[in-house]
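Worksheet: one structure, shown below.
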Number of protein chains: 2
Amino acid sequence: MAAVDLTTHPGHLARRLQQAHHLLWNTMVSEEITSPQFAVLNALVAEPGLDQRTVGERVGLDRSTIAEVIGRLIRRGLLDKVRDPQDGRRFLLRLTDDGVRTHRRLTVRTARMNQVFLAPLDADEQALFIDLIRRVADAAEGLRDPAPSPAAPR
Amino acid sequence: MAAVDLTTHPGHLARRLQQAHHLLWNTMVSEEITSPQFAVLNALVAEPGLDQRTVGERVGLDRSTIAEVIGRLIRRGLLDKVRDPQDGRRFLLRLTDDGVRTHRRLTVRTARMNQVFLAPLDADEQALFIDLIRRVADAAEGLRDPAPSPAAPR
DNA sequence: AGAAAATACTCAGTGCCCTGACTAACTCGG
DNA sequence: CCGAGTTAGTCAGGGCACTGAGTATTTTCT
């Protein structure tokens, strides 16, 4: 008894939403390059020469995961990684020509995929959908560090 | 150049939403039992004695993943798995007493967590949020099998 | 200058998620 | 009754995502 209706649980819906997206991505965008990998390429198109940690921050991946993703992109020849001569801890990342081409090619397809993905909603709803998800995600991310009392921000 | 703004991409937002949810789950619900594991427990509270495949269908996991999740729940002693005497291919699943207790305990906490998770939205927005996500996820899942022409449904 | 703290990254371990190939068991048509 | 097709589950392999521990390098404080 006392089972719950999971279709009203945002977490469960979030998981299903992501699965559905992953599926559509595979068929409409690429079976080689995944959505997080594309996010990394995109971050480096916007800001070439970032280090790993910062890229991870931009796309929302922790230090371990970003290392794996970058490893795969390097293996595919889309990315180069060189020690920062200024700071021996960092690796600076830069797209190869192939990486730039791949990003451009996938950009077109992701736009098409997003249209299909959001097709069940009308234009107003689409904007609302994006806004609501962003607000919830932003707020939950803000809960990470318990935010010390405003009197002691440092 | 020509980088894209990922904050308008539903797939990227879906991933961030799920990450945020996962984080909150860990702190507010359980570090032992994950959200998909809870979904399995919940499915078996609603319908005891289901087989693996059907549980997977109920919670939205493929045959491989559901096998892993069930394996972990069995190792934790929350679940039992026995061959169906009627059909030697199936395993029938049933919660242990501990499994039932765990489900009950977590149900209370998930309700609290959902409140916190959705707190940035007002009541109307929350209902809308759930509705929009569900519609998009359902539609995308329906794209799996290309839906043959209506004249030849069989 | 030298010790302590912070930072960037790696590695091991756990869990979720999928596909494709395989095995065992059942069903159905002839 | 028996072979072909279907179904439930396993296994190998690839990718995402996190934590905690450990290494190397830089910064900071004294």
Side-chain angles (χ1 to χ4, degrees), chain A residues 11-12 14-27 29-40 50-57 59-76 81-93 137 140-141 144, chain B residues 11-12 14-27 30-40 50-57 59-76 81-93 140-141 144:
Chain A
H12 186 250
R15 186 170 61 80
R16 295 212 305 128
L17 184 68
Q18 222 217 324
Q19 287 172 200
H21 174 263
H22 181 253
L23 195 71
L24 198 59
W25 180 282
N26 270 345
T27 63
V29 181
S30 170
E31 292 188 354
E32 314 280 305
I33 307 300
T34 65
S35 166
Q37 286 172 21
F38 176 74
V40 169
L50 287 182
D51 66 311
Q52 262 183 232
R53 201 201 109 276
T54 309
V55 171
E57 204 173 271
V59 303
L61 293 176
D62 67 293
R63 63 209 188 294
S64 280
T65 306
I66 196 68
E68 288 179 35
V69 173
I70 285 175
R72 281 184 274 270
L73 288 172
I74 290 175
R75 242 186 289 134
R76 287 180 193 285
K81 174 175 166 179
V82 291
R83 280 270 181 212
D84 184 345
Q86 252 71 67
D87 184 340
R89 291 167 300 183
R90 283 192 176 82
F91 287 102
L92 303 184
L93 304 171
E141 272 169 13
R144 294 219 54 146
Chain B
H12 186 249
R15 185 170 62 81
R16 294 212 306 128
L17 184 68
Q18 221 217 326
Q19 286 172 201
H21 174 264
H22 181 252
L23 196 71
L24 198 59
W25 180 281
N26 271 344
T27 64
S30 171
E31 292 189 355
E32 313 279 305
I33 307 300
T34 64
S35 167
Q37 286 173 22
F38 175 75
V40 169
L50 286 183
D51 65 312
Q52 262 183 232
R53 201 202 108 274
T54 309
V55 171
E57 205 173 89
V59 303
L61 292 176
D62 67 292
R63 62 208 190 294
S64 278
T65 306
I66 198 67
E68 287 178 37
V69 173
I70 285 174
R72 279 184 275 269
L73 288 172
I74 289 174
R75 241 185 290 136
R76 287 181 192 285
K81 174 175 167 179
V82 291
R83 280 272 181 209
D84 183 345
Q86 251 70 69
D87 185 340
R89 292 167 299 184
R90 283 193 176 81
F91 287 104
L92 302 184
L93 304 171
E141 272 170 13
R144 294 218 55 147

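Naming convention: chains lettered A, B, ... in sequence-line order (proteins, then strands); numbering from 1 in each chain.
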Query raised in the report: What about B/Ser64, does its side chain sit under 3.5 Å from the base of D/dC11 through a donor-acceptor pair?
Result: yes
Query raised in the report: Within this structure, what is the CD-to-C1' distance between A/Glu68 and D/dC18, rounded to whole angstrom?
Result: 10 Å
Query raised in the report: Rounding to a whole Å, what distance do you find between A/Asp62:CG and C/dT10:P?
Result: 13 Å
Query raised in the report: So, is B/Arg76 close to the C/dG15 phosphate, meaning a side-chain N or O under 4.0 Å from OP1 or OP2?
Result: yes
Query raised in the report: Once you round to the nearest 0.5 Å, how far does OG1 of B/Thr27 lie from NE2 of B/His22?
Result: 10.5 Å
Query raised in the report: Base, sugar-phosphate, or nothing: which does A/Thr65 touch, judged by heavy atoms less than 4.0 Å apart?
Result: base
Report summary line: Rounding to 0.5 Å, atoms CZ (A/Arg53) and CZ (A/Arg89) come to a distance of 10.5 Å
Requested in this report: Kindly compute the distance separating CG (A/Leu50) from CG (A/Leu92), expressed to the nearest 0.5 Å.
Outcome: 9.0 Å
Query raised in the report: B/His21 NE2 to D/dA17 C1': how many Å, rounded?
Result: 15 Å
Query raised in the report: Under a 4.5 Å cut-off applied to non-hydrogen side-chain atoms, are B/Leu23 and A/Glu141 in contact?
Result: no
Requested in this report: Please round to the nearest 0.5 Å and tell me the distance separating atom NZ of B/Lys81 and atom CZ of B/Arg90.
Outcome: 14.5 Å
Requested in this report: Find the distance A/Ile70:CD1 to D/dG15:P and express it as a whole number of Å.
Outcome: 15 Å
Requested in this report: Report the distance from atom NE2 of B/His22 to atom P of D/dA17, rounded to the nearest whole Å.
Outcome: 11 Å
Query raised in the report: Does the side chain of A/Gln18 get closer than 4.0 angstrom to OP1 or OP2 of C/dC16 through an N or O atom?
Result: no
Query raised in the report: How is B/Asp51 classified with respect to the nucleic acid when contacts are heavy atoms under 4.0 Å: base, sugar-phosphate, or nothing?
Result: sugar-phosphate
Report task. Would you indicate whether the side-chain heavy atoms of A/Asp51 and A/Asp84 approach each other to under 4.5 Å? Result -> no
Requested in this report: Would you give a per-nucleotide map of nucleotides 21-29 of chain C, 5' to 3', where B means the base has a protein non-hydrogen atom under 4.0 Å away, S means only the sugar-phosphate does, and - means neither?
Outcome: B---BS---
Report summary line: Residue pair B/Asn26/A/Arg72 against DNA chain D: nearer the 5' end by closest nucleotide is A/Arg72
Query raised in the report: In whole angstrom, what separates A/Glu32's CD from D/dG14's P?
Result: 13 Å
Query raised in the report: With respect to the phosphate group of D/dG14, does any side-chain polar atom (N or O) of A/Arg75 fall under 4.0 Å of OP1 or OP2?
Result: no
Query raised in the report: Is a side-chain donor or acceptor of B/Gln19 paired with a backbone partner of A/Gly60 at a separation under 3.5 angstrom?
Result: yes
Query raised in the report: To the nearest Å, how far apart are B/Trp25 CH2 and D/dC18 C1'?
Result: 16 Å
Query - First encountered from the 5' end of DNA chain C, between A/Arg15 and A/Phe91 - result: A/Phe91
Query - Phosphate OP1/OP2 of D/dT10 contacted by B/Lys81 side-chain N/O (<4.0 Å) - result: yes
Query raised in the report: Under 4.0 Å between a side-chain N/O of B/Gln19 and OP1 or OP2 of D/dA17, yes or no?
Result: yes
Requested in this report: Please state how far atom CD in B/Gln37 lies from atom P in C/dT14, giving the value in whole angstrom units.
Outcome: 14 Å
Report summary line: Closest to the side chain of A/Leu23, out of C/dT19, D/dG15, C/dC9, is C/dT19
Query raised in the report: Do the side chains of A/Arg15 and B/His21 get nearer than 4.5 Å, heavy atoms only?
Result: no
